[in-house]
Amino acid sequence: MTKIENYIKIFKKYGFTEDQNISDFWFKNMDKISKNIFNISGEEGLLSLKIRWASEIGKVCQKEVYDYIVKKQLQKNRSRIDFYTEIDFNDFSFYYNEKQYDLKTFAMLFKTSHVSGITDLRGINLDGISINSCKIKRCFFAEASFKNANFQQNRLIHTNLIKADFTNSRFVAIIVDENSYLNGINFNGAFINAVEMSGKSIGNSIFPFNEVSYFTLIKDTVTKIFQPSKRILFRDRKETIFSGLTITDIKKTQLKRLQQYIDWYQNIYDNLYNFQNKSIIKRVFFLFSILFTKHWSSLVVLSLNVFIINLFFGIIMFWTKSSFDSQYPLSIFDTFYQSIVTFSSLGFGDIVPINSLGQIIVILNVISGY
């Protein structure tokens with residue numbers, strides 16, 4: 001996501017001061033600055049789309065867009081003719097310096113790319129807005145910011161949210177038509193519920209999101225073991241919450257991994273929600289499945305588990321070293337080494353069990369390895 005604040009320090013090297021309007025400064029010096037700070041073609045265009053909203057007229061237009069969406073929903077609530085409020089900006093206009101503008105004439109004021117047949121709202125900041133029960137038609141919200149927004153029960157029709165930022169937002173019960181796109185949308189810390197996406201609508205890349213932490217999983221599971229009726233509170237948590245999200249028509253490998261994570265996450269929490277109906281034994285076994293299988297695909301967690309398991313069996317073997325035959329006296333390091341050799345099924349044979357207790361320990365050690 002392109003962030004204007006990341007460029008302020010750079011602009012100061014070219015003469016920008018805090019008392020200047022950053023948008024006016026950028027468009028005046030864009031050609032000179034972009035040659036020196038951008039390595040990839042098109043990056044200056046993304047910055048321009050966002051920074052135009054920081055101009056004096058852009059600030060007015062942005063506020064009017066926010067108010068327009070809010071007023072449209074209030075009008076709908078009074079009339080109740082249809083379930084959805086239509087938002088397409090066909091009747092939108094605003095005044096600046098006693099002159100009337102619509103979104104097309106506003107866009108034409110700036111040296112950016114222009115689009116036709118669709119409402120250009122690229123890069124706009126609508127943080128904290130509530131958009132509920134709306135039919136959003138032919139709107140281009142690429143690179144727009146919807147942080148902490150409430151986006152619920154909406155239909156997207158020919159609407160583009162490519163690389164829009166929904167950090168810490170609610171994205172609930174959204175219907176996405178085949179001509180709407182969510183490529184690269186930022187879902188870090190978002191709550192996503194009852195949404196069906198297609199491989200076509202989300203494009204070829206995994207959208208940004210926060211994976212649940214290993215320790216959060218353990219904490220939630222332990223809590224539900226002893227208090228199965230207690231609700232899991234997701235407020236102020238960092239991970240992206242997936243509930244009732246499905247992604248269909250997946251073809252790209254990286255998207256299949258995303259789908260696998262979402263299916264895994266939803267399965268975990270579906271089980272936790274239903275803990276009241278499970279016996280205490282099943283709850284404990286579920287905890288073990290969390291502890292001793294991988295946390296999604298974390299090499300750190302897997303390695304830590306391997307170390308703990310082998311340290312445990314190494315200590316057991318040291319306590320029961322009379323059940324093992326060796327050509328040398330066994331130290332705790334020797335039994336830890338033997339546990340790793342057994343765990344990995346190498347079996348060098350320099351330390352071997354000589355009775356039933358030793359054999360049982362080895363059997364359990366091998367099984368834990370598998």
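Side chains included, hydrogens not; waters and symmetry mates left out as well; all remaining heavy atoms used. Since we're looking at a predicted model, the values are computed, not measured. Numbers here are sequence positions counted from 1.
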Looking only at atom types and distance, does a side-chain atom of [X] sit under 3.5 Å from a main-chain N or O of [Y], one as donor and one as acceptor?
{"X": "Q20", "Y": "T17", "result": "yes"}
{"X": "T216", "Y": "V212", "result": "no"}
{"X": "T320", "Y": "S323", "result": "no"}
{"X": "N274", "Y": "N277", "result": "no"}
{"X": "N193", "Y": "L245", "result": "no"}
{"X": "Q259", "Y": "I247", "result": "yes"}
{"X": "T335", "Y": "G314", "result": "yes"}
{"X": "D67", "Y": "E64", "result": "no"}
{"X": "N188", "Y": "T167", "result": "no"}

K28 bridged to D24 by N-O distance under 4.0 Å
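Answer for the salt bridge query: no.
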Determine, for R122 against D120, whether the closest basic-nitrogen to carboxylate-oxygen distance falls under 4.0 angstrom.
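Salt bridge between R122 and D120, a charged N being under 4.0 Å from a carboxylate O: yes.
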Side-chain touch [X]/[Y], heavy atoms, less than 4.5 angstrom:
{"X": "C139", "Y": "I157", "value": "no"}
{"X": "C61", "Y": "Y101", "value": "no"}
{"X": "K278", "Y": "N271", "value": "yes"}
{"X": "S243", "Y": "Y273", "value": "no"}
{"X": "T119", "Y": "D88", "value": "no"}
{"X": "E143", "Y": "L46", "value": "yes"}
{"X": "F242", "Y": "Y261", "value": "yes"}
{"X": "H158", "Y": "D177", "value": "yes"}

For [X], I'd like to know if atom [atom1] has over 12 heavy atoms of other residues, nucleotides or ligands within 6.0 Å.
{"X": "Y95", "atom1": "OH", "value": "no"}
{"X": "K111", "atom1": "NZ", "value": "yes"}
{"X": "F307", "atom1": "CZ", "value": "no"}
{"X": "Y14", "atom1": "OH", "value": "yes"}
{"X": "Q100", "atom1": "CD", "value": "yes"}

Would you sort out whether F313 and F336 count as a ring-ring contact (aromatic ring centres under 6.0 Å, His included), showing the intermediate values?
CA-CA 7 Å; F313 277 103; F336 178 65; over 10 Å; no
How far does [atom1] of [X] sit from [atom2] of [Y], to the nearest 0.5 angstrom?
{"X": "S326", "Y": "I351", "atom1": "OG", "atom2": "CD1", "value": "5.0 Å"}
{"X": "I69", "Y": "I136", "atom1": "CD1", "atom2": "CD1", "value": "7.0 Å"}
{"X": "F83", "Y": "R155", "atom1": "CZ", "atom2": "CZ", "value": "10.5 Å"}
{"X": "D263", "Y": "K256", "atom1": "CG", "atom2": "NZ", "value": "13.0 Å"}
{"X": "F16", "Y": "I10", "atom1": "CZ", "atom2": "CD1", "value": "12.5 Å"}
{"X": "T105", "Y": "I57", "atom1": "OG1", "atom2": "CD1", "value": "7.5 Å"}

Test log, rule salt bridge (Lys or Arg N to Asp or Glu O under 4.0 Å), inputs K72 and E86:
CA-CA 8 Å; K72 276 282 187 180; E86 278 204 10; over 6 Å; no
Only one of R237, K230, R283, R231 forms a salt bridge (Lys or Arg N to Asp or Glu O under 4.0 Å) with D220, so which one is it?
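By the salt bridge (Lys or Arg N to Asp or Glu O under 4.0 Å) criterion, D220 pairs with just one of R237, K230, R283, R231: R237.
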Contact summary for [X] and [Y], nearest pair of heavy atoms:
{"X": "R138", "Y": "G117", "value": "NE-O, 2.9 Å"}
{"X": "R52", "Y": "S23", "value": "CA-OG, 3.7 Å"}
{"X": "G369", "Y": "F343", "value": "CA-CE1, 3.3 Å"}
{"X": "A149", "Y": "S169", "value": "N-OG, 2.8 Å"}
{"X": "N210", "Y": "K238", "value": "OD1-O, 2.9 Å"}
{"X": "W53", "Y": "Q62", "value": "CB-OE1, 3.6 Å"}

Using ring centroids (six-membered ring only for Trp), state whether Y269 and F234 fall under 6.0 Å.
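When the ring centroids of F234 and Y269 are compared, they turn out to be within the sub-6.0 Å range.
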Same hydrophobic cluster for [X] and [Y], using side-chain heavy-atom links shorter than 4.5 Å among ILVMFWY?
{"X": "F333", "Y": "L346", "value": "no"}
{"X": "I51", "Y": "V115", "value": "no"}
{"X": "F27", "Y": "I8", "value": "yes"}
{"X": "L272", "Y": "I281", "value": "yes"}
{"X": "L121", "Y": "L182", "value": "yes"}

Among F187, F166, F171, which residue satisfies the ring pair (Phe, Tyr, Trp, His ring centres under 6.0 Å) criterion with F146?
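It is F166; the other options fail the test.
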From the options Y68, F106, F94, select the one residue that forms a ring pair (Phe, Tyr, Trp, His ring centres under 6.0 Å) with F89.
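Of Y68, F106, F94, ring pair (Phe, Tyr, Trp, His ring centres under 6.0 Å) with F89 is met by Y68 alone.
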N365/S339 under side chain to side chain donor-acceptor pair (under 3.5 Å): CA gap, chis, key distance, verdict
CA-CA 7 Å; N365 200 177; S339 175; 3.2 Å; yes
Is it true that the side chains of S145 and D165 contain a donor and an acceptor less than 3.5 Å apart?
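Absent: no donor and acceptor within the cut-off.
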Identify the residue among T342, N310, D350 that makes a side chain to side chain donor-acceptor pair (under 3.5 Å) with Y337.
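Passing option: D350.
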Which residue is it: I185, I162, L156, L126? I am looking for the one with a side-chain contact (heavy atoms from CB on, under 4.5 Å) to F141.
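Checked I185, I162, L156, L126 against F141; only one passes side-chain contact (heavy atoms from CB on, under 4.5 Å): L126.
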